[in-house]
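Working notes, structure below.
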Amino acid sequence: MHSRLIMAGFALVGAILSTTAYGKSAKEVFSEVSDAIVAVIVMNERGKEITRGSGVVVSKKNVATNCQIISGAKQIAVRKPQQSGARETYRMVAQLIARSSERDLCLLFVAALSEASTAAPVSLGSARSASIGDEVYAIGAPHDSGLSLSRGIISQLRSDGGKNVTPVIQTDAAVSPRTSGGGLFDQQGKLIGITTLKALTVAVVGFSFAIPVERVIRLIKVVEAPETRLAELHARATRAEEALQVSEKKAKEQNVQIVNLSKRLNAALASKVQELANFRSEFFGRLRKALGNRSDVRIVGDRFVFQSEVLFPSGGATLQPGGRVQIDKLASTITEIAGKIPSDINWVLRVDGHTDRIPIFTPAFPSNWELSTARAIAVVKYLIERGVPATRLAATGFGEFQPIDRGSTIAAFKRNRRIEFKLTLR
């Protein structure tokens with residue numbers, strides 16, 4: 001009887017231990033998340049490394065890191081640290097797409113991440129559910145030769161005040177300048193924060209900090225918003241198409257005689273289109289001669305195409321001096337041709353702005369729609385200054401949604417950043 005009671009007691013203790021959420025070991029967590037930790041390399045305009053820090057792959061094409069790491073960077077790249085005995089990893093071009101105005105948190109876009117099968121995103125946890133005393137692991141990439149892991153506990157959860165403010169995590173897990181920007185993980189291997197040396201305005205000796213993962217999730221939602229808007233536009237276009245089909249069906253049922261009228265209108269329109277095409281050909285010929293044999297200016301179909309770098313600085317919509325020189329030649333050519341076009345041809349020079357598909361999120365340009373439209377408007381305003389009638393100009397922004405190269409290379413992105421000129425009917 002006595003032995004049975006002892007055995008029952010052991011069984012009860014075992015059941016309690018088995019149901020206790022003890023979590024994973026440091027070795028297990030490190031093994032699970034190490035593929036998502038990258039080195040963030042900051043370079044000057046010549047591509048020479050000037051500093052580096054750490055980053056965490058938080059989605060298929062996004063890396064979270066500290067803003068202070070990439071401050072002043074001319075070029076940014078991320079790189080998987082080389083594992084012992086493995087071949088050397090390669091640098092992947094990165095671009096800043098979003099930042100938290102409240103914290104030292106930036107989000108990078110890395111197109112090549114989708115092709116790097118070893119750079120799998122981490123599982124995102126919750127800083128809100130963390131408690132003081134929880135064991136955590138800080139993992140970063142301080143060297144090309146491998147990753148760094150330190151273990152500690154959550155020593156404090158610091159808030160700036162206000163309701164529902166996600167706290168900054170204070171931990172005694174060691175974080176160095178080069179591991180800053182890495183990940184802070186809970187015992188289940190989930191990301192709960194991005195480590196940083198600049199979380200608070202005051203220094204706390206012996207402790208490190210982490211920006212809560214909730215802020216990372218918020219930035220990811222911001223940069224994914226353009227895709228959501230595109231889906232909405234597609235839905236509207238579908239509804240419009242359905243409404244048009246209904247209208248056409250009603251017209252047929254009421255025996256509306258529109259076929260012959262349509263043919264006559266099309267014939268008249270075709271005549272004007274052909275007439276304008278002749279002037280367009282002359283316009284293209286003269287403009288090509290004026291610009292010379294430039295590789296960054298070309299004819300694509302019925303449009304004259306300038307690469308954005310010819311006219312604008314990266315991420316900006318202010319015409320550069322070199323760009324003004326090229327637009328001066330275009331204005332002179334269009335003014336000469338305009339005097340020959342008959343008055344009954346209602347023509348317009350359409351200026352179309354296009355970007356690559358890397359999202360932008362700045363105060364001036366919340367998305368690529370604003371950037372592409374602002375660039376088109378800047379060109380139109382300058383053409384007006386150079387004597388082209390405002391009534392003969394139109395500015396249109398297409399964002400990233402009309403690419404001429406669907407690749408994911410730097411060269412493809414460059415081809416898609418462009419300004420197009422099309423001489424057409426209103």
Side-chain angles (χ1 to χ4, degrees), residues 23-24 26 29-30 32-40 52-59 62-71 78 98-108 121-142 147-162 164-221:
K24 300 173 183 177
V29 172
F30 182 81
E32 287 183 9
V33 307
S34 58
D35 281 343
I37 307 301
V38 296
V40 177
R52 70 168 56 194
S54 298
V56 183
V57 181
V58 292
S59 68
N62 294 128
V63 169
T65 188
N66 296 153
C67 296
Q68 53 94 9
I69 293 173
I70 62 173
S71 177
V78 301
R99 69 169 69 233
S100 171
S101 59
E102 304 163 330
R103 292 293 177 202
D104 184 27
L105 178 65
C106 280
L107 199 65
L108 306 178
V122 293
S123 296
L124 304 181
S126 170
R128 290 182 183 275
S129 60
S131 302
I132 296 175
D134 286 353
E135 189 168 279
V136 289
Y137 309 103
I139 305 176
L147 302 177
S148 170
L149 178 143
S150 61
R151 179 168 59 184
I153 63 168
I154 295 177
S155 53
Q156 185 60 268
L157 297 169
R158 295 176 174 267
S159 173
D160 290 338
N164 301 319
V165 175
T166 306
V168 172
I169 304 169
Q170 178 180 310
T171 175
D172 62 356
V175 176
S176 66
R178 284 199 169 190
T179 59
S180 182
L184 189 70
F185 298 89
D186 62 18
Q187 284 188 285
Q188 281 67 50
K190 292 187 176 182
L191 182 72
I192 61 171
I194 300 297
T195 58
T196 176
L197 298 176
K198 291 182 63 176
L200 300 177
T201 56
V202 294
V204 181
V205 179
F207 291 103
S208 306
F209 301 92
I211 303 159
V213 71
E214 282 80 357
R215 295 186 184 275
V216 177
I217 295 170
R218 193 180 306 168
L219 286 188
I220 293 173
K221 289 180 178 179

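We find the CG-OG1 distance between Leu184 and Thr196 to be 12.0 Å, quoted to the nearest 0.5 Å. The distance from atom CD1 of Ile192 to atom CZ of Arg128, rounded to the nearest 0.5 Å, is 13.5 Å. Rounding to the nearest 0.5 Å gives a distance of 10.0 Å between CZ of Arg99 and CG of Leu105. To the nearest 0.5 angstrom, Asp186 atom CG is 9.0 Å from Lys24 atom NZ. Distance OG/Ser100 to CD1/Ile211: 7.0 Å, rounded to 0.5 Å. Summarising the geometry, atom CG belonging to Leu191 is positioned 5.0 Å from atom CZ belonging to Phe185; distances are rounded to the nearest 0.5 Å.
The minimum heavy-atom distance between Ser54 and Pro142, with the atom names listed, is OG-N, 4.4 Å. Residues Pro212 and Pro167 approach most closely at CG-O, 3.4 Å, considering heavy atoms. Between Gln187 and Val29, the shortest heavy-atom distance links the atoms O-CG2, 4.0 Å. The two residues Val216 and Ala64 make their nearest non-hydrogen contact at CG1-CB, 4.3 Å. Of all heavy-atom pairs spanning Gly152 and Asp172, the tightest one is CA-OD1, 3.1 Å. For the residue pair Val38 and Val56, the shortest heavy atom distance occurs at CG2-N, 4.5 Å.
Counting heavy atoms from C-beta on, the side chains of Val57 and Val122 never come closer than 4.5 Å. You'll find the side chain of Phe209 stays beyond 4.5 Å of the side chain of Ile169, heavy atoms only. You'll find the side chain of Val78 reaches within 4.5 Å of the side chain of Leu108, heavy atoms only.
Ser155 places a side-chain N or O within 3.5 Å of a backbone atom of Gln170 that can act as its donor or acceptor partner. Between the side chain of Ser148 and the backbone N or O of Ala141, no donor-acceptor pair lies under 3.5 Å.
In this view, Ser176 and Thr179 satisfy the side chain to side chain donor-acceptor pair (under 3.5 Å) rule, not counting sequence neighbours. Take Gln68 and apply the side-chain contact (heavy atoms from CB on, under 4.5 Å) test, not counting sequence neighbours, and it matches Asn66, Asp104, Ser180, Lys198. Qualifying salt bridge (charged side-chain N to carboxylate O under 4.0 Å, His left out) partners for Glu214, counting only residues two or more places apart in sequence or in other chains: none. Residues passing the side-chain contact (heavy atoms from CB on, under 4.5 Å) test with Asn62, sequence neighbours excluded: Val58, Ser59, Ile97, Leu107, Phe109, Val223. Annotation: side-chain contact (heavy atoms from CB on, under 4.5 Å) contacts of Ala173 (sequence neighbours excluded): Ala138, Ser150, Thr171.
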Apply side chain to side chain contact (heavy atoms under 4.5 Å, CB included) to residues Thr65 and Ile194 and explain how you reach the verdict. CA-CA 7 Å; Thr65 188; Ile194 300 297; 5.9 Å; no
Distance-only criterion, 3.5 Å: show the donor-acceptor pairs between side-chain atoms of residues 129-136 and protein atoms not counting sequence neighbours.
from	atom 1	to	atom 2	distance (Å)
Ser129	OG	Ser126	O	3.1
Asp134	OD2	Ser131	N	2.9
Glu135	OE2	Tyr137	OH	2.8

